[in-house]
Amino acid sequence: MASDLEAKAKEAFVEDHFELAVDLLSQAIHLEPNKAELYADRAQGNIKLNNLTEAVADANKAIELNPSLPKAYLRKGTACMKLEEYQTAKAALETGASLSPDNSRFVNLIKECDKLIEEESYTTIPIQEKTIAQDVNPKDVQQQDDLPEQPPVAVNKPKYRHEFYQKHDQVVVTIFAKKIPKESITVEFGEQILSVSINVPGEDAYVFQPRLFGKILPSNCRYEVLSTKIEIRLEKAEPIHWTSLEFTRNVIVPLRVNASSVTASQRPSYPSSKQTRDWDKIEAQVKKEEKDEKLDGDAALNKFFREIYQDADEDTRRAMKKSFVESNGTVLSTNWKEVGSKKVEGSPPDGMELKKWEY
């Protein structure tokens, strides 16, 4: 039964077994493919595993099945923020907030989105991968710290071949799929994601969902279905050279060039610092300062709980996690024998109301 698999998945979430939770939810979806909550919950598992493009796809499917499900928008907003697609994230979060106005998580995440969008507006040099384009002088690049990134969805032996070429302001992606009905094709654009799905009745579904090399302008992108191919035109957010279609982990900051006014020989260069730092020493110093730091109030209490958890055995940690989650953060027990065999009920402070927490 799908309901039994769903219940086991919730238990796996409590135990931080996210891979197991995703697997159980996938089995439940196979049995009930039209239940939006299953996709929204699997999106949460994929977020925990940093499978971010899969999380966005699951959230989109949940929204398609049930446009009134607030947590589907929460999952999409969270995943898009981790993908640095702040505008897309904000739009999803605002829709979710309108459906669940009492949920403070939407309000907090929207504020965080606004802050990140504002910070991003001051960034004038886009981040690209380490391979240097042929028309860029190696002296004109500046190293930057690696950014956290997850690999794109891996597709073994793709059903349809694809390729791309580019102009200074546009990337054209071609998927060679012959005689596909237009109604069987879905193409969606994010700030740095292209999502293409082909669902022909009686055939295996085709999904192509890469995280793109650079950001695009979704509202200006378009696609056309022809008899032998699908042609997708992506408008670049920055007029820079893409050395591949998909984003990769090793990145650099290439020179941003105004192609209409600057020739290759006139490109300005940016100075770089040659100062080296002993990061291991700095990290050790920070940890020592944190350990010796004198705190009071809630900060001291939180530090005390962290130290208990850090030094605890496995049963104590399980008891702490289970009691905290099931009681909505109002009970913290270290006795697994006491809480392991029963549900921990919430115990809010006097004058406070306990509300159910949506995992």
Side-chain angles (χ1 to χ4, degrees), residues 2 5-30 32-114 116-117 148-153 186 188-195 197 207 209-211 218 325 328 355-359:
L5 292 168
E6 187 177 5
K8 291 179 180 178
K10 291 181 179 181
E11 293 177 4
F13 271 110
V14 172
E15 297 292 337
D16 288 348
H17 295 158
F18 303 120
E19 291 184 1
L20 175 59
V22 168
D23 181 62
L24 291 168
L25 288 166
S26 297
Q27 295 178 49
I29 287 171
H30 181 73
E32 290 191 36
N34 295 319
K35 187 173 181 180
E37 289 79 2
L38 295 176
Y39 290 95
D41 292 344
R42 191 171 69 175
Q44 175 69 346
N46 278 319
I47 290 171
K48 293 292 187 181
L49 294 171
N50 274 326
N51 299 331
L52 301 177
T53 54
E54 291 93 328
V56 174
D58 279 341
N60 283 336
K61 183 64 176 180
I63 292 169
E64 176 188 334
L65 293 171
N66 184 1
S68 300
L69 184 64
K71 70 177 176 181
Y73 297 95
L74 182 64
R75 306 296 184 243
K76 181 174 181 178
T78 302
C80 286
M81 286 181 69
K82 290 179 177 290
L83 285 168
E84 299 178 14
E85 295 205 3
Y86 305 127
Q87 296 287 359
T88 304
K90 183 179 178 182
L93 293 168
E94 287 177 339
T95 303
S98 67
L99 296 170
S100 182
D102 296 332
N103 193 331
S104 61
R105 285 181 291 176
F106 285 112
V107 176
N108 294 335
L109 287 173
I110 290 171
K111 288 180 180 178
E112 187 177 348
C113 259
D114 286 335
L116 292 169
I117 290 170
E149 184 272 335
Q150 290 300 311
V153 180
T186 302
E188 297 179 339
F189 306 103
E191 290 177 67
Q192 202 172 346
I193 288 182
L194 169 65
S195 176
S197 60
V207 177
Q209 192 178 49
R211 183 179 181 189
V325 170
N328 282 342
K355 289 189 176 181
K356 184 179 180 181
W357 179 64
E358 183 183 80
Y359 78 92

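Not measured: the values here are computed from a predicted model. Along the sequence shown, the residues carry numbers beginning at 1.
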Counting heavy atoms not belonging to Glu19, are there more than 12 under 6.0 Å from its CD?
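Counting other residues, nucleotides and ligands, CD of Glu19 stays at 12 neighbours or fewer.
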Lys35, NZ: over 12 other non-hydrogen atoms inside 6.0 angstrom:
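Yes, NZ of Lys35 has more than 12 neighbouring heavy atoms, counting only those of other groups under 6.0 Å.
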Once you round to the nearest 0.5 Å, how far does [atom1] of [X] lie from [atom2] of [Y]?
X      : Y      : atom1 : atom2 : result
Leu20  : Lys8   : CG    : NZ    : 9.5 Å
Ile63  : Arg75  : CD1   : CZ    : 11.5 Å
Met81  : Leu52  : CE    : CG    : 12.0 Å
Ser26  : Asn46  : OG    : CG    : 7.5 Å
His17  : Leu24  : NE2   : CG    : 11.5 Å
Glu188 : Ile193 : CD    : CD1   : 10.5 Å

Exercise: identify the closest heavy-atom pair between [X] and [Y]:
X      : Y      : value
Ile47  : Ala55  : CG1-CB, 3.6 Å
Leu83  : Gln192 : O-OE1, 4.4 Å
Gln209 : Glu54  : OE1-N, 4.3 Å
Leu38  : Glu32  : CD1-O, 3.8 Å
Pro33  : Leu65  : O-CD1, 3.9 Å
Pro218 : Gly190 : CG-O, 3.4 Å

If you measure only the distance, is there a donor-acceptor pair under 3.5 Å linking the side chains of Asn60 and Glu64?
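No - no donor-acceptor pair under 3.5 Å links their side chains.
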Any chance you could lay out the side-chain contact (heavy atoms from CB on, under 4.5 Å) test for Leu74 and Gln44, step after step, and finish with the verdict?
CA-CA 9 Å; Leu74 182 64; Gln44 175 69 346; over 6 Å; no
Does the pair Glu112 and Asn108 meet the rule for a side-chain contact (heavy atoms from CB on, under 4.5 Å), with working shown?
CA-CA 6 Å; Glu112 187 177 348; Asn108 294 335; over 6 Å; no
Is the closest side-chain heavy-atom distance between [X] and [Y] below 4.5 Å?
X     : Y     : result
Glu84 : Tyr86 : yes
Leu25 : Phe13 : yes
Lys48 : Val22 : no

Closer than 3.5 angstrom, by distance alone: can the side chain of Tyr73 be matched with the main-chain N or O of Pro67 as a donor-acceptor pair?
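Yes, the answer is positive, given that a donor and an acceptor are paired below the 3.5 Å cut-off.
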For a quick test of your reading: what N or O donor-acceptor pairs under 3.5 Å do the side chains of residues 87-98 make, sequence neighbours left out?
| unit_1 | atom_1 | unit_2 | atom_2 | d |
| --- | --- | --- | --- | --- |
| Lys90 | NZ | Asp114 | OD1 | 2.7 |
| Thr95 | OG1 | Ala91 | O | 3.0 |
| Ser98 | OG | Thr95 | O | 2.5 |

